[in-house]
There are 2 protein chains.
Amino acid sequence: MSAPLPSWNDGAARQALLDFVGAVTTEGAPTYVSPEDRVAVFDNDGTLWSEQPMYVQALFAVDRVRALAPSHPEWRGRQPFKALIEGDEEALRTLTEHDAAALLAATHAGMTTGEFSHTVKEWLAKARHPRFQRPFTHCVYQPMLELLDYLRGNGFDLHIVSGGGIDFLRTFCEETYGIPSSHVIGSSGKTRLEWREGQPVLVKLPSLTSLDDGEGKPINIHLHIGRRPVLAFGNSDGDLQMLQYTGALDGPRLRLLLHHDDDAREYAYDREAKAGRLDHALEVAGQEGWTVVSMRSDWNRVFP
Amino acid sequence: MSAPLPSWNDGAARQALLDFVGAVTTEGAPTYVSPEDRVAVFDNDGTLWSEQPMYVQALFAVDRVRALAPSHPEWRGRQPFKALIEGDEEALRTLTEHDAAALLAATHAGMTTGEFSHTVKEWLAKARHPRFQRPFTHCVYQPMLELLDYLRGNGFDLHIVSGGGIDFLRTFCEETYGIPSSHVIGSSGKTRLEWREGQPVLVKLPSLTSLDDGEGKPINIHLHIGRRPVLAFGNSDGDLQMLQYTGALDGPRLRLLLHHDDDAREYAYDREAKAGRLDHALEVAGQEGWTVVSMRSDWNRVFP
Ligand SMILES: [Ca+2]
Ligand SMILES: [Ca+2]
């Protein structure tokens with residue numbers, strides 16, 4: 001058997017992963033954790049795939065707004081629609097997850113969940129990352145794919161816990177990460193049951209019911225999983241509460257933050273970033289001894 | 001290997017189950033369903049365990065109200081609290097799932113999810129069914145336990161989808177049914193993240209965020225599972241939409257309703273019942289050819 005995590009350089013981060021997996025899987029050890037409690041949670045944007053120059057879902061929303069604009073003349077005078085239609089690059093760069101959610105709400109209301117999923121899949125198949133010129137699902141991080149496999153092989157129960165929309169995420173998480181839809185948690189909107197063509201379907205409504213960010217992450221982890229994770233991996237301040245919530249005070253637990261410090265191969269951003277800001281969580285990581293993964297020095301490869 | 005479903009009598013219901021499992025597991029057959037799509041959903045109250053003379057969770061709420069009443073003098077003049085404190089049997093019998101949810105909200109607000117779970121477990125360990133004089137977790141249906149095992153053995157992905165509170169359900173579903181907390185869906189209330197004793201915890205708030213009944217069931221199935229089930233088993237009008245939502249129009253699917261027609265061994269109730277009413281769904285079952293399971297004639301044994 002080849003060594004695990006080949007795209008990870010030898011170093012503190014890789015060693016922390018190997019040590020933790022060893023500790024929780026060694027039967028009889030005081031640190032042993034039974035498989036049903038080996039819950040591991042992963043943020044998606046900026047942790048499993050690239051979130052720069054803009055959240056992928058925000059790019060999708062932009063394209064949707066542009067596609068739908070001809071039938072919505074009222075958008076021309078209203079932000080953030082106006083900026084998108086006019087291609088205002090500065091406004092686009094400052095889109096928050098909240099803006100993205102608002103845009104999505106405006107652009108998907110009335111679609112069934114099936115139609116929405118179909119629209120996203122079509123878009124993902126054609127859209128390309130503006131810098132890397134490849135599909136967004138190929139802008140996932142090879143070291144993270146290896147980590148998911150490694151944890152899965154050691155009996156971990158993997159879940160995505162993302163600020164992105166749950167229906168958006170589910171269009172690619174199974175194929176891209178091997179994580180089934182029931183293990184994907186995200187922001188969610190209201191739906192209504194309607195009959196169309198002799199079948200009950202769920203129609204997406206414009207209001208958001210859960211923003212899966214900040215304290216929303218532990219709240220949704222409890223709602224969807226019902227267990228405290230033992231491992232959490234994030235990359236921004238929006239993951240702080242999820243990482244804090246991970247593990248019992250006196251039990252084994254591993255908290256990791258990916259630090260984007262690699263402008264050459266991907267991007268470098270942290271405290272000043274508009275999307276994916278990593279500021280307070282980096283402070284806490286230092287105080288608490290969490291594992292900060294440097295993209296530049298801990299990974300010998302970024303994309304598959 | 002012994003024959004599956006020993007507590008089920010030979011008959012149309014047992015045969016429908018055997019035929020369906022055979023059809024979806026036969027590789028190469030047009031009815032074949034891959035394991036990740038073999039999602040099966042079960043109502044809990046009245047489908048997996050007894051819901052008479054009152055929902056178990058309502059009985060729990062009653063006991064909580066009585067235990068907390070001394071510190072809530074305002075409850076003495078307010079329904080439904082007044083009825084509970086005074087032991088008004090008629091009012092107790094007409095408690096709806098909504099009332100139960102309201103009572104729970106009033107009685108659990110301020111507790112952490114961990115404290116709530118602990119309180120429920122302590123109560124379940126001591127409480128006894130008023131007629132059967134055994135713990136409620138022993139008032140589960142033996143034929144249904146066999147069905148869960150049979151489906152699990154055939155690669156089905158089992159989920160509970162209950163009107164009961166999700167935190168209440170999770171205290172016993174894993175041990176009693178072998179269904180882990182992440183596969184348990186129920187009604188849920190708001191929670192807030194707070195720090196207590198150096199650890200972030202989730203505190204239960206009084207407002208309900210999702211009533212997992214009626215159209216709430218397909219909505220939550222989509223939110224938590226993200227796939228349409230191929231098998232659904234319920235027992236009341238509250239399960240109608242879940243059964244309708246089950247399966248694609250042209251795909252294999254099995255919809256079942258348990259009909260409580262066995263006053264000798266359990267209870268007999270349907271169209272006139274105050275809790276667990278089965279009226280409109282029974283009509284639709286007849287029109288649509290769903291499988292109606294008669295407790296009296298399809299089961300040779302009721303409890304373990
Ligand atoms: Ca992120
Ligand atoms: Ca029921």
Side-chain angles (χ1 to χ4, degrees), chain A residues 35-37 39 112-114 117 157 159 166-167 169-171 173-174 178 180-186 188-195 197-205 209-210 214-228 240-250, chain B residues 35-37 39 112-114 117 157 159 166-167 169-171 173-174 178 180-186 188-195 197-205 209-210 214-228 240-250:
Chain A
E36 64 269 23
D37 284 320
V39 172
T112 67
T113 54
S117 165
D157 186 26
H159 297 259
I166 192 164
D167 290 334
L169 291 157
R170 283 171 171 170
T171 61
C173 282
E174 185 144 355
S181 58
S182 61
H183 284 52
V184 175
I185 304 170
S188 56
K190 239 187 162 132
T191 58
R192 181 176 55 215
L193 192 73
E194 277 184 18
W195 286 80
E197 293 166 13
Q199 172 110 330
V201 291
L202 293 169
V203 175
K204 292 173 82 68
L205 302 178
T209 49
S210 166
E215 83 157 356
K217 292 201 175 196
I219 286 170
N220 278 334
I221 287 170
H222 177 70
L223 179 65
H224 287 256
I225 310 175
R227 290 187 137 85
R228 227 178 246 263
L240 177 61
Q241 289 90 339
M242 173 170 86
L243 269 66
Q244 290 173 322
Y245 185 70
T246 293
L249 281 180
D250 55 354
Chain B
E36 64 270 23
D37 284 319
V39 172
T112 68
T113 54
S117 165
D157 185 27
H159 297 259
I166 193 166
D167 290 334
L169 291 157
R170 284 171 170 171
T171 62
C173 282
E174 185 144 354
S181 58
S182 61
H183 284 52
V184 174
I185 303 170
S188 56
K190 237 184 164 137
T191 57
R192 181 175 58 215
L193 193 72
E194 279 184 18
W195 286 80
E197 294 165 9
Q199 172 109 333
V201 291
L202 293 169
V203 175
K204 291 172 82 67
L205 302 178
T209 48
S210 166
E215 82 157 355
K217 291 200 175 196
I219 287 170
N220 279 333
I221 286 170
H222 177 71
L223 179 65
H224 288 256
I225 309 175
R227 288 186 139 86
R228 227 177 246 262
L240 177 61
Q241 289 89 340
M242 173 170 85
L243 270 66
Q244 289 172 323
Y245 184 71
T246 293
L249 281 180
D250 54 353

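Protein chains get the first letters and strands the later ones, always in sequence-line order, with residue 1 at the start of each.
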Q. Hey, are the side chains of A:Thr113 and A:Lys204 touching, using non-hydrogen atoms and a 4.5 Å cut-off?
A. yes
(Q) Is A:Gln244 in contact with chain B via its backbone, its side chain, both, or neither, using a 4.5 Å heavy-atom distance? (A) both
Q. Side chains of A:Tyr245 and A:Arg228: closer than 4.5 Å at any heavy-atom pair?
A. yes
Q. Top residue by heavy-atom pair count (under 4.5 Å) with chain B, among A:Thr209, A:Asp167, A:Val201, A:Val39?
A. A:Asp167
Q. For the residue pair B:His224 and B:His159, is the inter-centroid distance of their aromatic rings smaller than 6.0 Å?
A. no
**Q.** Ring geometry between A:His183 and B:His183 (parallel below 30°, tilted from 30 to 60°, perpendicular above 60°)
**A.** perpendicular
**Q.** Toward chain B, the part of A:Leu249 with a non-hydrogen atom under 4.5 Å
**A.** both
Q) A:Thr191 versus chain B, heavy atoms under 4.5 Å apart: side chain, backbone, both or neither? A) both
Q: Determine the option with the most heavy-atom pairs under 4.5 angstrom with chain B, choosing from A:Glu174, A:Lys190, A:Gln241, A:Glu197.
A: A:Glu174
Q.
Is A:Arg192 close to chain B through its backbone or its side chain, or both, or neither, when contacts mean heavy atoms under 4.5 Å?
A. both
(Q) I'd like to know if the side chain of A:Ser188 and the backbone of A:Ile166 have a donor-acceptor N/O pair within less than 3.5 Å. (A) no
(Q) Just so I understand: if I count every heavy-atom pair under 4.5 Å between each of B:Glu215, B:Glu36, B:His222 and chain A, which residue has the most? (A) B:His222
Q | Closest approach of B:Gly226 to A:Arg170 (non-hydrogen atoms, all atoms of both residues) | A | CA-NH1, 3.3 Å
